[in-house]
S.K.: 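One structure, as structure tokens, below. Some questions next.
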Amino acid sequence: HPGTGGGTLWEFGVHDLDQLLQLVGEAPLSVSAELFRNETTSGAEDGFLSLLRFPSGVHAHVEVSRASPATLNTGWVLVGSAGSYSDGKLLTVSSEGEVIDQPLAPVKGEVDELYVAIVRHLREGAPNPVPAEQARRTVSLIEAARRAAQSRRPVPVVG
């Protein structure tokens with residue numbers, strides 16, 4: 001329910017947008033957004049699209065939809081001048097124009113490392129795995145995306 005902070009932007013967007021901020025390494029200048037509601041939804045959005053512009057010239061498109069029980073998860077698609085990344089593959093173009101897809105070894109790590117670190121923080125006073133400043137930047141971005149969706153215009157991201 002939107003009154004209690006529900007909806008896809010808060011429930012799923014917080015993770016994707018936080019990861020995006022870590023990947024890009026800088027705060028966005030502006031965000032445009034649209035929220036989607038299914039006819040059966042009780043008020044909270046079940047999908048969103050956000051377009052972000054960064055000072056370095058990076059543009060990002062983050063889209064999440066939870067409207068269908070059959071989920072489509074493509075993960076991150078990164079596009080750059082030297083190649084692209086998608087679905088565990090490095091994609092480059094040969095001098096003849098052929099697309100070369102080179103599988104990359106997955107990064108190994110314990111799936112629940114974050115949760116173990118959170119428990120250590122709470123129980124033992126270990127460092128917080130998500131510093132308050134990082135959380136504040138992500139919350140600021142989500143609030144800007146919500147304002148952009150309401151105004152139907154790009155809005156600056158403060159903080």
S.K.: If you look only at pairs with a residue in residues 47-57, which of them pass as a side-chain hydrogen bond (donor to acceptor under 3.5 Å, both in side chains), with sequence neighbours excluded?
M.R.: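 Sorted result for residues 47-57: Glu26-Ser56.
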
S.K.: Is any side-chain heavy atom of Phe54 closer than 4.5 Å to one of Val157?
M.R.: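 The answer is no; the side chains never approach within 4.5 Å.
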
S.K.: Any side-chain to backbone donor/acceptor pair from Thr8 onto Asp46? Under 3.5 Å, distance only.
M.R.: yes

S.K.: Can you confirm whether Glu34 sits close enough to Arg152 that some side-chain heavy atom of one is under 4.5 Å from a side-chain heavy atom of the other?
M.R.: no

S.K.: So do the side chains of Leu35 and Arg146 get within less than 4.5 Å of each other, counting heavy atoms only?
M.R.: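 Heavy-atom side-chain distance check passes, below 4.5 Å.
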
S.K.: What are the two closest non-hydrogen atoms of Ser32 and Ala148, and how far apart are they?
M.R.: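 Looks like CA-CB, 4.0 Å.
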
S.K.: May I ask you to test the Leu9-Glu45 pair for a side-chain heavy-atom distance under 4.5 Å?
M.R.: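 In contact.
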
S.K.: What's the separation between atom OG1 in Thr138 and atom CZ in Arg136, rounded to the nearest 0.5 Å?
M.R.: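 Output value for this atom pair is 10.0 Å.
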
S.K.: Spell out, as yes or no, whether a donor-acceptor pair under 3.5 Å connects the side chain of Ser151 to the backbone of Arg147.
M.R.: yes

S.K.: Salt bridge check: are Arg137 and Glu133 linked by an N-O gap of less than 4.0 Å?
M.R.: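 Result for this pair is yes, salt bridge flagged.
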
S.K.: Do Trp76 and Leu91 belong together in a cluster built from hydrophobic side chains that touch within less than 4.5 Å?
M.R.: no

S.K.: Check for a donor-acceptor pair, side chain of Ser94 on one end and backbone N or O of Glu98 on the other, with a separation under 3.5 Å.
M.R.: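 Yes, the answer is positive, given that a donor and an acceptor are paired below the 3.5 Å cut-off.
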
S.K.: May I have the list of side-chain donor-acceptor pairs in residues 77-90 shorter than 3.5 Å, sequence neighbours left out?
M.R.:
| unit_1 | atom_1 | unit_2 | atom_2 | d |
| --- | --- | --- | --- | --- |
| Tyr85 | OH | Gly88 | N | 3.3 |

S.K.: Are any side-chain N or O atoms of His61 and backbone N or O atoms of His59, one a donor and one an acceptor, separated by less than 3.5 Å?
M.R.: no

S.K.: State plainly whether one hydrophobic cluster holds both Leu29 and Leu23, where clusters connect Ile, Leu, Val, Met, Phe, Trp and Tyr through side-chain heavy atoms under 4.5 angstrom apart.
M.R.: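 No, it is not one cluster - the side chains of Leu29 and Leu23 are not joined through contacts under 4.5 Å.
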
S.K.: Flag the pair Val93 / Ile100 as yes when at least one side-chain heavy-atom distance between them is below 4.5 Å, and no otherwise.
M.R.: no

S.K.: Using the side-chain contact (heavy atoms from CB on, under 4.5 Å) rule, take Val130 and Leu114 through it: C-alpha gap first, then chi angles, then the decisive distance, then the call.
M.R.: CA-CA 9 Å; Val130 182; Leu114 174 65; 4.1 Å; yes

S.K.: Going by the side chain to side chain contact (heavy atoms under 4.5 Å, CB included) test, name the single residue among Leu141, Leu51, Leu20, Leu17 that passes it with Pro28.
M.R.: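 In the set Leu141, Leu51, Leu20, Leu17, the residue that makes a side chain to side chain contact (heavy atoms under 4.5 Å, CB included) with Pro28 is Leu141.
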
S.K.: Could you tell me the separation between the NE2 atom of His15 and the CH2 atom of Trp10, rounded to the nearest 0.5 Å?
M.R.: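 His15 NE2 to Trp10 CH2: 11.0 Å, rounded to 0.5 Å.
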
S.K.: So which heavy atom on Phe12 is nearest to which on Val64, and how close?
M.R.: CB-CG1, 4.0 Å

